[in-house]
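Okay, so here's the structure we're looking at.
Chain identifiers are assigned alphabetically (A, B, ...) following the order of the sequence lines, protein sequences preceding nucleic acid strands; residue numbering begins at 1 within each chain.
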Number of protein chains: 2
Amino acid sequence: MSMAKSTTLKDSRDRILDAAARLFLAQGFEGTSMRQLASEAGVNLAATNYHFGSKEGLMQEVLRRHLDRLSEERLRTLDALERAAGGKPLKPSQVVEAFFGSLLHLADNDAEGGTTFLRLLGRTLTEPAGFIRAFLAEEHKDVIERYRQALFNALPDVPRVEIVWRFNFMLGAASYAIAGTDTLRLVTGWEVEESDGGERFERLMARLMAFLLGGLRAPLPEFPYPLPAKNRGPGQPEFDSRRGR
Amino acid sequence: MSMAKSTTLKDSRDRILDAAARLFLAQGFEGTSMRQLASEAGVNLAATNYHFGSKEGLMQEVLRRHLDRLSEERLRTLDALERAAGGKPLKPSQVVEAFFGSLLHLADNDAEGGTTFLRLLGRTLTEPAGFIRAFLAEEHKDVIERYRQALFNALPDVPRVEIVWRFNFMLGAASYAIAGTDTLRLVTGWEVEESDGGERFERLMARLMAFLLGGLRAPLPEFPYPLPAKNRGPGQPEFDSRRGR
DNA sequence: GTAAAAATCAAACAGTCGTTTGATTTTTAC
DNA sequence: GTAAAAATCAAACGACTGTTTGATTTTTAC
């Protein structure tokens, strides 16, 4: 029978990938054993090394599987925006909405695996294991570079170091919000969500986006002492970014 | 000789605690072995279990050691603010500045161990190991409850669910920013810091606080569909929080 | 000084870890 | 149908895991 060609293969491979995403998310990379993973996926222990070589290789494949789609969408969205703007710089909110909004679309298309991957991605940014963050950075390098430049162009008056910091803050708020709602529940003791699935995620993104844009537009801090020259953008004195541009 | 009483004991205990904080931060809880830890601390392997019972017990002690000071300062600051306000609700910025500003003071007082602990604390909020987050939540419960109420009082017009979400976003941005600057460097390829020690941290906190307040003050998102009734604060219609109150 | 308590130590315990092997079964290609 | 390739399997490998033991040393208390 020829039509069953890749069915068995993909079945096994995909079951492993799905189980890996779930377990790495719930227990972390180091906290998940290959035996538990194989058991959860319903495959033989040796199958994991057969298909992915090593535990690290498996993790990379888990990430790459969805990360490629994310990268593509992010680049495509930015391309479209810049084409529509016709050479003029984008609004900061456009860049931020494109970057973080793409997460929403990823979750929409692939309802089950998509949201699991997103939460894993959020958690992965703080994973202690160095090779994971290194892999992520390498895999997403082009995308980051494009958005970085777009943000610089969108905020020509703001010192670049400040832009990078705010981008970092936004990454933190986003990854934390997406990765885990249980920490929120634990620490604040407040039940926060009710509705299910995509609708819930859509609300989360709307709330997150409002917060991120508010943070991005906030007035820059005034340090109690003069900044050393290398800390400013080229030729930029201290300044105050204006709200609600 | 009686004056050497607790010196040897504390030496050993503290060296273990210091090494544990460093290693748990750099490699995570699961990624750090007791042997590596004992070696780094320069003590016998069995000393760790002798002093702390288990690996979990050690982690809890690592956290508790500084967390108690943090809790105390947070409560004390809030007490002072509320006393000065004389029954009137605080400004939201006061609450946020008290909560996150206390981190700065903690880093100041105990220069070396303090910042290490703070970074560990930030990373711990996303640790997969459940008992760690559970311990943190239990240990910090009173503090969180006080600040939650203070925020509710400071923002009587804002639905409570929105306040909790924004608090969560702030926690994420803060823990991410404090825990790791290396992710930032890796992902953005941007070298961001130059000066050393406390001055560096003070700048970070100033930048962070500006971002957090901007996010907190942002207009609430408008959902594309009406909110179910239970999602609103008691008797609150939809509304727009005003900037720069 | 002496007995009790506290701390350190080398060694071992019972498991679990990621990975590999070689035989066996299933699928593919002609 | 048959040979090659791909996939699955039980079993084992050596290394590493957190923890415990019992002897030995150091510190405490009187």
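- One finds a side-chain N or O of B:His51 lying less than 4.0 angstrom from the OP1 or OP2 phosphate oxygen of C:dT8.
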*DNA chain C in dot-bracket, Watson-Crick or G-U pairs under 3.5 Å, [ ] crossing, | other strand?*
||||||||||||||||||||||||||||||
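- Rounded to whole Å, atom C1' of C:dT20 lies 8 Å from atom CG of A:Asn49.
- Of the two residues near DNA chain C, A:Ala46 and B:Asn44, the one whose nearest nucleotide lies more 5' is B:Asn44.
- Atom-to-atom, CD1 of B:Ile16 to P of D:dT19 comes out at 13 Å; the value is rounded to the nearest Å.
- Between B:Phe167 and B:Phe100, the ring planes are tilted. Angles from 30° to 60° get that label.
- In terms of phosphate contacts, B:Ser33 brings a side-chain nitrogen or oxygen within less than 4.0 Å of OP1 or OP2 of D:dT17.
- Between B:Leu67 and B:Glu139, the closest heavy-atom pair is CD2-CG, 3.6 Å.
- Atom CZ of A:Arg13 and atom C1' of D:dT8 are 16 Å apart (whole Å).
- When the nearest nucleotides of DNA chain C are assigned to B:Ala47 and A:Ser54 by heavy-atom distance, the more 5′-ward of the two goes with B:Ala47.
- An OP1 or OP2 oxygen of C:dT8 is reached within less than 4.0 angstrom by a side-chain nitrogen or oxygen of B:Ser12.
- Note: B:His66 and B:Phe117 have tilted aromatic rings, judged against thresholds of 30 and 60 degrees for the angle between ring planes.
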_side-chain contact (heavy atoms from CB on, under 4.5 Å) assessment of A:His140 paired with A:Tyr147_ = CA-CA 11 Å; A:His140 219 54; A:Tyr147 274 83; over 6 Å; no
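- Computed from coordinates, the B:Phe29 CZ to D:dT17 C1' distance equals 12 Å when rounded to whole Å.
- Between B:Arg15 and B:Gly42, the closest heavy-atom pair is NH2-O, 3.4 Å.
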*Evaluation steps, side-chain contact (heavy atoms from CB on, under 4.5 Å), between B:Val62 and B:Phe52*: CA-CA 10 Å; B:Val62 167; B:Phe52 304 100; over 6 Å; no
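- Taking the six-membered ring for Trp and the full ring otherwise, B:Phe169 and B:Phe211 have centroids separated by 6.0 Å or more.
- Atom-to-atom, OH of A:Tyr50 to P of D:dA6 comes out at 7 Å; the value is rounded to the nearest Å.
- The nearest whole Å value for the distance from the CG atom in B:Asp11 to the P atom in D:dT27 is 11 Å.
- The interatomic distance linking A:Phe52 (CZ) with D:dT8 (P) rounds to 11 Å, in whole Å.
- Put simply, CG on A:Leu45 is 11 Å from C1' on D:dA11, counting in whole angstrom units.
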